[in-house]
Number of protein chains: 2
Amino acid sequence: MAVNKRLNHLLKTGNRDQLRVFLKTLHPADIAAAITRLRPEDILFVLETISNTRSVEVFSNLEKDTQKACIAFTDPERILHYFEGLSADDRVDLFRILPTEDKEQLLGLLANSEREDLLRLSRFEEDTAGAVMTTEFFSLPPDCTASEAMERIRSGSHDAETVYVLYIADSGGKLRGVVSLKDLVMAAPDTRLDRIMNPNVITVTVDEDVEEVARKIARYDLLALPVVNANKELRGIITVDDVLDIVEDEATEDIYALAGVGAPLELEYLNAGVFQIWRQRIPWLLLLVLSGFAAGFVIEFFKGQLGRYIELIFFMPLLMGSGGNAGTQASTVVIRAIATGELTPSLFPGVLWKEMRVGLLVGLSMGLLSAARAFFLPQNSSAPHYQIALTGGLTMFFMVTVAKCTGSMLPLLFQKLNLDPALMSNPLI
Amino acid sequence: MAVNKRLNHLLKTGNRDQLRVFLKTLHPADIAAAITRLRPEDILFVLETISNTRSVEVFSNLEKDTQKACIAFTDPERILHYFEGLSADDRVDLFRILPTEDKEQLLGLLANSEREDLLRLSRFEEDTAGAVMTTEFFSLPPDCTASEAMERIRSGSHDAETVYVLYIADSGGKLRGVVSLKDLVMAAPDTRLDRIMNPNVITVTVDEDVEEVARKIARYDLLALPVVNANKELRGIITVDDVLDIVEDEATEDIYALAGVGAPLELEYLNAGVFQIWRQRIPWLLLLVLSGFAAGFVIEFFKGQLGRYIELIFFMPLLMGSGGNAGTQASTVVIRAIATGELTPSLFPGVLWKEMRVGLLVGLSMGLLSAARAFFLPQNSSAPHYQIALTGGLTMFFMVTVAKCTGSMLPLLFQKLNLDPALMSNPLI
């Protein structure tokens, strides 16, 4: 916060020298965080105040929509400078959200090979390994020696996103093995890489889901995961720091879906317009209104019945709410267990059996409580207390038990049908 | 799945040689995943079938509660073997959940220094940096040269969790800087480490929250984050692979809290008993029943009023549901933005202003729809259509607008009061 305040003060006074001195003390990621909500002209002023190398680092740490706003505001030379400073995966992320004219301008600025790289990567479907991978990796032939490999790293003549994992590919481009920098350091200088490489490489294919990427990186504790095509040719890598962001984004998606918010916006919350947020949220609310109308019809239909035990009108919101809550609990736990990879289709019977028993137990507790409460309701109708209590308690019991089973089974059913289980939002149950 | 089937078959036939051959083809993490739900005696049988080094790797990849069950089932010698194979942070995680008698047995088995290390780490409060850090890191004096450092790595005489980040500490133990293995490889052999180290080290203190740890690792793209005490002495490190697990766990916690499930169990879902799940879920349900009773009282109170516009009974579930849904959307987005570090207390006014406008917009849409629906309700009372429509529409409008503002402000209020915003579970709104 102190950083933001000082920065705003320096921007207002426009003292470039003091600003430069102040910015020198900050980490590029911190500068980015401090300026990401400023006006594009101010952001560009800050970027131009710091050294070229650092300005590129700061730019690559900005939110995508801030980058987009800056691109729209500056000259071609600086656009190229900032864009070329991004890693291949960040370039594609930014390119995707640019308006058509900015896209065309940018493609015109880029060198042929870079343009092709960008277009190729941008054709991968969103949320696939191909769409998030970077093409900047270290690949060496099998007959390269450890000392030659070390020389390549020392020369700095590469733009690999990590030098801690080196990939061995044969002349046809097929991935043959992986060597860590640690293995390299510990090997005798004249050892061939194919003698020290691990040939059992964990890989993903370009079209695999990013959730699978996150699962593999987490399970095997990898620093980077190689992405191959159908011919086992190495096409790119995904590093663990990108996976951290992916895990956060996927969790946000799941949480939004569970709460019926709708898909996360491309923008950060504070940068999103009121109309955009309205468009994001209103579909679910309308859908829920429709299901509310349906519930209304049911009540309309039973108006006569309700007359018999008019005391139970007290119970209506309780029954509807408890059923929903109980179902939500079960579905949330199951959806999360699917997302983290714990539950797979083959385990369905076990889940149903467990939720049935939990449901009976929970239903019994809730039913007894409801019956007790119903027994002491002020009597308005001629029905005896115990009948009202029995009706209230039994309804609660069945409602909760059924909700637990349905709530746990629906996400698994969605999973079997290859739909996103999180789509089965709580509010719908 | 095929792996599980083959494994079960081999275990049933009890053919140890075939089992050994089969297990050799698998990654330790995959073996762990395949056996984690077997009976402890079968897990131990598998562990004893593979080589000592690999069995330790497999054991460290098992779920904590599976490890606990194995400890209870085997002899002291093997307990010590498996336990010493764990990294310091995993040791503490397991130690925490052991029953008292197993804890005491284990402490008796360990060497003095290991026992002290374990006890010291286990005293840190849960969910703090100190509780998740490992004490196995690479620390070197400032006057050490690059070639000496490389020699230390090559010798393998260390148990550091990562060799890619080396820490420079002075004779008093104070952290002075950080050197990456990449810097080391690129440096001239006789360079002193304090000449190539980065003195601006990003650190956390032992008592900082794990969410802060995750935020720093993600923001600065670190492979490891050093943990220091109040005197800036290096006490441990947290590696990025552990942070991946932390991010997953924190997301699960948030999702559970939002859905009113209760705190995540220490166990995996499939290993948890029915009673444990019941205990986890029933408190929230009971709390919600109480708030349901309260809603019931309100309805009871307005029974007379309802008589006037009896048509609007149709609207009751709809109004209550929509208010809840609208509030949930706002609170979910705000809670998530707090969790990912986007929202801080200073931004409260902006959030309120935004949600007020979104609320008006959403409320207007929902209100108009409700009014239209209410207008065409079958008339039961003497009130004219437009009055019923107006009442229905206005109630919906106010309900939704207020819910949006309350929903967004409550989590921020919780944050200001230093309570976990996710505690303000949806169902309560």
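All chains are named by letter (A, B, ...) in the order of the sequence lines, taking the proteins before the strands, and each is independently numbered beginning at 1.
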Turns out that what part of B/Ser180 lies under 4.5 Å from chain A's heavy atoms comes down to both

Quick one: which of A/Val185, A/Ile217, A/Val247, A/Asn200 has the most heavy-atom pairs under 4.5 Å with chain B, could you say?
A/Val185

In chain order, what residues pass the salt bridge (Lys or Arg N to Asp or Glu O under 4.0 Å) check against B/Glu57, with sequence neighbours excluded?
none

Between A/Glu161 and A/Asp242, is there a side-chain heavy-atom distance shorter than 4.5 Å?
yes

Heavy-atom closest pair (A/Met186 atom, B/Arg154 atom, distance to 0.1 Å) is CE-O, 3.5 Å

Salt bridge (Lys or Arg N to Asp or Glu O under 4.0 Å) partners for A/Arg219, two or more places apart
B/Asp30

With a 4.5 angstrom heavy-atom cut-off, is it the side chain or the backbone of A/Leu184 that approaches chain B, or both, or neither?
neither

Name the member of B/Ala187, B/Pro28, B/Ala251 that forms the most heavy-atom pairs with chain A at distances under 4.5 Å.
B/Ala251

Sort out for me which of B/Val240, B/Thr162, B/Leu181, B/Ile202 touches chain A most, counting heavy-atom pairs under 4.5 Å.
B/Leu181

Under 4.5 Å to a heavy atom of chain B? For A/Leu222 that would be neither

Donor-acceptor check, side chain of B/Tyr220 to backbone of A/His27, threshold 3.5 angstrom: yes or no?
no

